[in-house]
Amino acid sequence: MSCEHEQLLQKALDGELSIREQEAFTAHLQQCKACKAEYELVEHMIVDVKKLADISAPLGFTANVMRQLPAGHKKKSPIRWMKQHPIVAAAAIFLVLMVSSLFSSWSTGEMAIAGNTKHLQINKQQHEVIVPKGETFKGDLVVENGDVKVEGTVEGNVTIIKGKRYLASAGSITGDSQEIHDIMHWTWYKLKSLVSAD
Amino acid sequence: MESLLKKLVKAAKKGDQHAFEGLVELYKDRIYRLAFRMIGDRHEAEDLAQEAFVKAYMNLDKYDDTYAFSTWLYRIATNLCIDRLRKKKPDYSMDAPLSTSDGGTLYQQIPHSEEALETVVEKREERATLQEEISKLPEKYRTAIILKYIEDLSLEEMSAIMELPVPTVKTRIHRGRELLKKVYKKVMKSR
């Protein structure tokens, strides 16, 4: 195939022949078997390649894509920002909560009890929690801003924040017992309980 | 149709996931088909096509009306496919251009085993063979052939997707066609 015909052939395959070129090309194909075979082969091949288009996306495709999208975003919203910087966001939130709780809850004098209060005797005015004689407190007992008198039994850990523990001779605590008096210990305790809360 | 599409794109840009879902429905077949014909593996193609949509979603704010949405989507998908192919490629590739010759590949120099081709008779096998042969084309020619003949896109669209001038796109179609023709001839003979 001559160079000229090769160019015509490519143009014909691209569908870019002018009317005059088309005439010349058709005339040439009638004379030249090689060019004709070549042209027909490529045309046939293109038809076969085009047949490869008959596939479609698998079932559930769209749902799978939607599942992978981040939950509804708005441009530059704080939530989107947090999604892009999860660690910074977590640290920032933690810091804010930490500082605010430090200042608010360390200074309040309200007595707070964590644990099942059913078996406890609570004396709010005197800031006192009593585990009465003969009673058994099951689980961990945490008391803030109050003293704890154990006359009965505590089956678990006792933690007292800004308070004292009085253990009567008949009383017993099966777990650990600790008193927290300063802000550093208290912060450490809060941190630990945050982590272990998961 | 045009205006519905524009509305969907506009809403999706504002963060409307339902609108984006509509866009996925509209283009999933084309994008999946492109990925499958580029990669040749159904699972990988599905992964890649999904990745393309997720990437499009994340970058919606960067899309402007300069190109059709489909062009933009095709570009993301094509680039992802090419990245994947490059990562998969072994150090020593049959498709890699030879440093000594001008653009030819090792693959072209090895004659196809006539015996292997003689067994190819059934239509399905023939289709698979053609897909295989397309998969063996170097990426740039493969992309051109797929976009042109399977996706049926215009040279201008292809130029925008491939980020190349129209004459270069044309050259790639010609070259890809020539490379494919050589193996196709053998498949035909074996019938």
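Chain letters run A, B, ... following the sequence lines, proteins first, then strands; residues in each count from 1.
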_Within the 4.5 Å heavy-atom criterion, are A/Phe61 and B/Asp29 side-chain neighbours or not?_
no

*Indicate yes or no: at least one non-hydrogen side-chain atom of B/Met162 is less than 4.5 angstrom from one of B/Tyr74.*
no

*Which one of A/Asp54, A/Val42, A/Val65, A/Thr62 has the most heavy-atom pairs closer than 4.5 Å to chain B?*
A/Thr62

Chain A heavy atoms under 4.5 Å from [X]: which part of the residue, side chain, backbone, both or neither?
X: B/Ile31; answer: neither
X: B/Ile134; answer: side chain
X: B/Glu178; answer: side chain
X: B/Arg37; answer: side chain

*Which pair of heavy atoms, one from B/Ala77 and one from B/Leu34, lies closest together, and at what distance?*
CB-CD2, 3.7 Å

*Provide the closest heavy-atom pair for B/Ala56 versus B/Leu73 in the form atom of the first, atom of the second, distance.*
CB-CD1, 3.6 Å

_Distance-only side-chain donor-acceptor flag, A/Glu6 / A/Gln10, under 3.5 Å_ = yes

